[in-house]
Amino acid sequence: MNILKTYRLPIFILLMSLIYIFAIPSKPEAIKMLFKLIPMWLILFYAYKQIPDKKSRPHWIIWSGLFICMLGDGLIRWFVIGLAAFLIGHLFYIAGFSRYWRFTKLSLLMILPIGLYGYVMGYHVIAALLQNHMDTLVVPVLMYIVIISLMSWTGFLSHNIWAIIGSILFVLSDSILSWNMFVSEIPHSDILIMTTYYTAQFLIAHSLRFFPSFGSYSSIEK
């Protein structure tokens with residue numbers, strides 16, 4: 001009974017995510033958007049419950065990143081505005097994760113595969129934008145690729161496994177979305193995008209439990 005109580009909210013998040021992904025039709029658009037946002041509202045509540053009793057600024061910064069990304073979900077029909085909201089959300093993640101930086105050779109070296117992946121994705125997406133005469137999107141898309149790559153790297157530098165996996169899945173989700181939108185169609189892209197996206201946001205929310213209050217971080221590491 002205690003186990004069920006402990007996992008009740010994550011199970012509800014999973015259920016509402018699956019309902020949106022597999023059961024909600026594309027029309028009417030307002031209903032679809034409502035069901036798209038419900039899992040994020042639940043994830044925000046879950047994230048709040050994960051913050052330690054002794055809260056510190058980085059916890060609220062990361063929580064704010066989740067909130068701003070939720071706004072991006074609602075604004076994504078206006079692509080550039082939604083993209084800007086997600087970019088700001090990633091800046092909040094970067095600011096929050098960076099407060100827990102622990103430099104090791106491995107975490108520093110992770111910038112190489114992350115940077116290479118960002119370069120390859122950016123090359124193909126930007127080339128597709130130029131080919132399709134969507135020049136106005138080149139700068140915002142390029143900025144977004146740079147920022148989400150930095151977000152993923154700061155996830156590694158935080159040494160929080162949930163933040164690391166969450167940030168990787170966020171990059172994967174947006175990679176599928178951008179490739180499907182601009183380069184070539186990916187089968188079942190909607191399912192792949194949303195499953196990786198919801199999982200990424202849930203894991204970032206879950207990571208808050210394992211980020212100690214900033215003032216006690218050094219003592220915990222010792």
Side-chain angles (χ1 to χ4, degrees), residues 26 29 32-33 36-37 40 58 61-99 101 107-158 163-187 189-201 203-204:
S26 58
E29 189 174 338
K32 185 173 179 64
M33 180 57 66
K36 182 182 182 183
L37 291 174
M40 278 305 301
I61 291 173
I62 296 169
W63 189 92
S64 297
L66 285 163
F67 179 80
I68 294 168
C69 286
M70 179 274 296
L71 295 179
D73 275 325
L75 296 169
I76 200 62
R77 61 178 297 184
W78 301 281
F79 181 74
V80 175
I81 298 174
L83 189 72
F86 277 108
L87 187 148
I88 294 169
H90 291 315
L91 290 174
F92 273 81
Y93 288 151
I94 290 169
F97 295 160
S98 67
R99 298 298 297 272
W101 277 1
S107 61
L108 286 171
L109 286 173
M110 284 307 301
I111 197 171
L112 297 177
I114 292 170
L116 179 61
Y117 181 80
Y119 173 80
V120 172
M121 282 297 302
Y123 175 83
H124 287 287
V125 171
I126 298 302
L129 289 173
L130 293 173
Q131 184 178 352
N132 293 304
H133 308 290
M134 304 170 74
D135 304 47
T136 55
L137 291 179
V138 169
V139 172
V141 168
L142 185 59
M143 288 177 59
Y144 187 81
I145 291 170
V146 171
I147 294 301
I148 196 173
S149 298
L150 286 173
M151 184 276 292
S152 181
W153 185 49
T154 55
F156 275 94
L157 291 175
S158 75
I164 291 170
I165 299 173
S167 64
I168 291 172
L169 287 175
F170 214 136
V171 170
L172 178 60
S173 177
D174 281 354
S175 297
I176 298 168
L177 185 150
S178 58
W179 194 276
N180 183 73
M181 183 177 291
F182 301 122
V183 182
S184 63
E185 186 175 345
I186 297 175
S189 60
D190 290 346
I191 295 173
L192 294 172
I193 291 165
M194 293 312 300
T195 51
T196 51
Y197 172 70
Y198 284 140
T199 306
Q201 296 287 48
L203 293 179
I204 291 172

**Report entry** Nearest non-hydrogen partners of Ala200 and Gly166, listed with the distance
**Finding:** CB-O, 3.2 Å

Report task. Show your reasoning for whether side-chain hydrogen bond (donor to acceptor under 3.5 Å, both in side chains) applies to Thr154 and Trp101. Result -> CA-CA 7 Å; Thr154 55; Trp101 277 1; 5.2 Å; no

**Report entry** Interatomic distance, His90 atom NE2 to Ile68 atom CD1 [nearest 0.5 angstrom]
**Finding:** 11.0 Å

Query - More than 12 heavy atoms from other groups under 6.0 Å of OH on Tyr119 - result: no

Query raised in the report: Ile62 versus Tyr93: any side-chain heavy-atom pair under 4.5 Å?
Result: yes

Query raised in the report: Side chains of Leu157 and Phe97: closer than 4.5 Å at any heavy-atom pair?
Result: no

**Report entry** Straight-line distance of Ile191 CD1 to Thr196 OG1, nearest 0.5 Å
**Finding:** 11.5 Å

Query - Met194 and Lys36: CA distance, side-chain angles, deciding distance, side chain to side chain contact (heavy atoms under 4.5 Å, CB included) verdict - result: CA-CA 9 Å; Met194 293 312 300; Lys36 182 182 182 183; 4.1 Å; yes

Query raised in the report: Say you draw a straight line from CD of Gln131 to CZ of Phe182; how long is it, rounded to the nearest 0.5 Å?
Result: 13.5 Å

**Report entry** Least distance between heavy atoms, Gly89 atom then Cys69 atom
**Finding:** CA-SG, 4.1 Å

Query raised in the report: Less than 4.5 Å apart, any side-chain heavy atom of Phe67 and any of Met40?
Result: no

Query raised in the report: So do the side chains of Phe156 and Ile114 get within less than 4.5 Å of each other, counting heavy atoms only?
Result: yes

Report task. Flag the pair Tyr197 / Leu177 as yes when at least one side-chain heavy-atom distance between them is below 4.5 Å, and no otherwise. Result -> no

Query raised in the report: How long is the span from the CE atom in Met121 to the CD1 atom in Ile148, to the nearest 0.5 Å?
Result: 10.0 Å

Query raised in the report: Taking C-beta and beyond as the side chain, do Arg77 and Met33 meet within less than 4.5 Å on heavy atoms?
Result: no

Query raised in the report: Does Leu112 offer a backbone N or O that forms a donor-acceptor pair with the side chain of Trp153 under 3.5 Å?
Result: no

Report task. Looking only at non-hydrogen atoms, find the nearest pair between Ile61 and Gly96 and report the distance. Result -> CG2-N, 3.5 Å

Query raised in the report: To the nearest 0.5 Å, what is the distance between CH2 (Trp179) and CD1 (Ile176)?
Result: 12.0 Å

Query raised in the report: Is there a side-chain contact between Leu130 and Asp135, using heavy atoms and a 4.5 Å cut-off?
Result: yes

**Report entry** Modelled atom types, side-chain donor and acceptor of Ser175 and Tyr117, under 3.5 Å
**Finding:** yes

Requested in this report: Looking only at non-hydrogen atoms, find the nearest pair between Ile126 and Val138 and report the distance.
Outcome: CD1-O, 3.7 Å

**Report entry** Side-chain (Ser98) to main-chain (Ala95) donor-acceptor, under 3.5 angstrom
**Finding:** yes

Report summary line: Between Val125 and Ser178, the two heavy atoms sitting closest are CG2-OG, 4.0 Å

**Report entry** Atom pair CD1 (Ile186) and CD1 (Ile193), whose distance is rounded to the nearest 0.5 Å
**Finding:** 7.0 Å

Report summary line: Closest heavy-atom pair, Ile76 versus Asp73, reported as atoms and distance to 0.1 Å, is CG2-O, 3.5 Å

Requested in this report: Could you go through the side chain to side chain contact (heavy atoms under 4.5 Å, CB included) check for Phe86 and Asp174 one step at a time?
Outcome: CA-CA 10 Å; Phe86 277 108; Asp174 281 354; 5.6 Å; no

